[in-house]
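Side chains included, hydrogens not; waters and symmetry mates left out as well; all remaining heavy atoms used. Bear in mind the structure is a predicted one, so any value in this text is a computation, not a measurement.
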There are 2 protein chains.
Amino acid sequence: MHFKKDIAALCKENGLRLTGPRKVIMQVLSASSDHPDAVELHRRVSEIDPGIAIATVYRTVNLLQEKGVLEKHTFGDGRARFESADHEHHDHLINVETGDVIEFRSDEIERLQEEIARQHGFTIVSHKLQIYVKPIDKKRPPGKGKETA
Amino acid sequence: MHFKKDIAALCKENGLRLTGPRKVIMQVLSASSDHPDAVELHRRVSEIDPGIAIATVYRTVNLLQEKGVLEKHTFGDGRARFESADHEHHDHLINVETGDVIEFRSDEIERLQEEIARQHGFTIVSHKLQIYVKPIDKKRPPGKGKETA
DNA sequence: GTATATGCAAACCATTTGCTTAGCG
DNA sequence: CGCTAAGCAAATGGTTTGCATATAC
């Protein structure tokens, strides 16, 4: 995750008050290198300040998403997951055996998408590409084969 | 949608009993050319047999997905949407202004995905590409910029 | 006849919201 | 001080499940 700008600046330029809960939540987001969901985020936040309500976590991440600071993803399981938006766009490989998420970027795919949208008379607002994968290594035990939804 | 095989055959080869509700649900699925969610599916099913419970719709559609007969998608709104799996793979353009879903296929993108997965030491289990778009037409008012989840 | 399906209602889970109080600017 | 935020709990929306009955095979 790791925000390029500092938290106070992010709040100020988005017209958000720099409150205690926000500081903690944004600090946790900034320190997270994975793509936590709201509940996991709340768990991490609670280790720092147990008094912060999960409703505040939801309100904060939604606010940050509206302001364009965060991106919201849904990788098949019901929950929404978040990551910083202040990086170059990338897509995700999801290891179905472990749930791990790997980021990648393909300019060629990006370009093809633009082309496809244009051919249909549209411009792209956003897009998501998720590739659900498993290790090539055949010797690995089957593991819990999560559904690919 | 439109199943290639007939409904009785689909049930039989998947070890499912050919019940009244299943006949109706699968018939509705087969007749749908869009990507209905469970509630919409239930609405259509109810026009034919008002006695069928939405729980049965959910159970049926999940069963068919497990058996590989249906694909389940989530296009950002909370609901799951379904379509037949017995066609060549394709991806989706989602018009954010209308919610319309347009199918497309790009062999080149498919190929690039294979390549990316392989480079990371994986094979593809499945993948989803959703391009959220709006009409090129500039004269349209800004509209409600729905979130891109 | 017996295991599988269904209907119904209650349960679930993630997320949102109304209301009141707290605290940033 | 005034208005935004937070906490809490109740509400929501989509989806699943337990249980008793019905039905396909």
My understanding is that only one of A:Lys72, A:Glu103, A:Arg81, A:His73 makes a side-chain hydrogen bond (donor to acceptor under 3.5 Å, both in side chains) with A:His35; could you say which? A:Glu103
Considering only residues two or more places apart or on different chains, which pairs with a residue in residues 96-125 of chain B satisfy ring-ring contact (aromatic ring centres under 6.0 Å, His included)? none
Would you name the heavy atoms of B:Leu18 and B:Cys11 that are closest together and state the gap between them? CD1-SG, 3.9 Å
Would you please say whether a donor-acceptor pair under 3.5 Å links the side chains of A:Glu71 and A:His89? no
Holding to salt bridge (Lys or Arg N to Asp or Glu O under 4.0 Å), I want the full list of residues that pass it with A:Arg17, two or more places apart in sequence or in another chain. none
Partners passing salt bridge (Lys or Arg N to Asp or Glu O under 4.0 Å) against B:Asp91 (at least two apart in sequence or in another chain): none
Kindly write out the residues that satisfy side-chain hydrogen bond (donor to acceptor under 3.5 Å, both in side chains) with [X], not counting sequence neighbours, or none if the list is empty.
{"X": "B:Gln119", "result": "none"}
{"X": "B:Arg111", "result": "B:Glu115"}
{"X": "B:Arg44", "result": "B:Ser32, B:Asp34, B:Glu40"}
{"X": "A:Glu13", "result": "A:Lys5"}

Under 4.0 Å between any heavy atoms, over every strand shown, what does A:Asn62 touch: base, sugar-phosphate, or nothing? Just pick one. sugar-phosphate
Length of the [atom1]-[atom2] vector between [X] and [N], whole Å:
{"X": "B:Lys67", "N": "C:dA5", "atom1": "NZ", "atom2": "C1'", "answer": "14 Å"}
{"X": "B:Tyr58", "N": "C:dT6", "atom1": "OH", "atom2": "P", "answer": "16 Å"}
{"X": "A:His42", "N": "C:dT16", "atom1": "NE2", "atom2": "P", "answer": "15 Å"}

Below 3.5 Å, can you tabulate the donor-acceptor pairs from side chains in residues 54-61 of chain B to any protein atom, sequence neighbours excluded?
residue, atom, partner, partner atom, Å
B:Thr60, OG1, B:Thr56, O, 2.7

Candidate list A:Leu64, A:Leu29, A:Leu63, test side chain to side chain contact (heavy atoms under 4.5 Å, CB included), partner A:Val69, passing option: A:Leu64
Could you tell me whether A:Phe75 and A:His92 have their ring centroids closer than 6.0 angstrom? yes
Taking heavy atoms of chain B and a 4.0 Å limit, find me the 5'-most and 3'-most nucleotide of DNA chain D within that range. D:dG14 to D:dC25
Of the residues in residues 44-55 of chain A, which ones touch DNA chain C at a heavy-atom distance under 4.0 Å? A:Ala55
Where along nucleotides 19-25 of chain C does protein come under 4.0 Å, by heavy atom, of base (B) or sugar-phosphate alone (S), with - for untouched nucleotides? ----BBS
Taking five pairs at each end, how big is the angle between the two axes of the helix from C:dG1-D:dC25 to C:dG25-D:dC1, to 10°? 30°
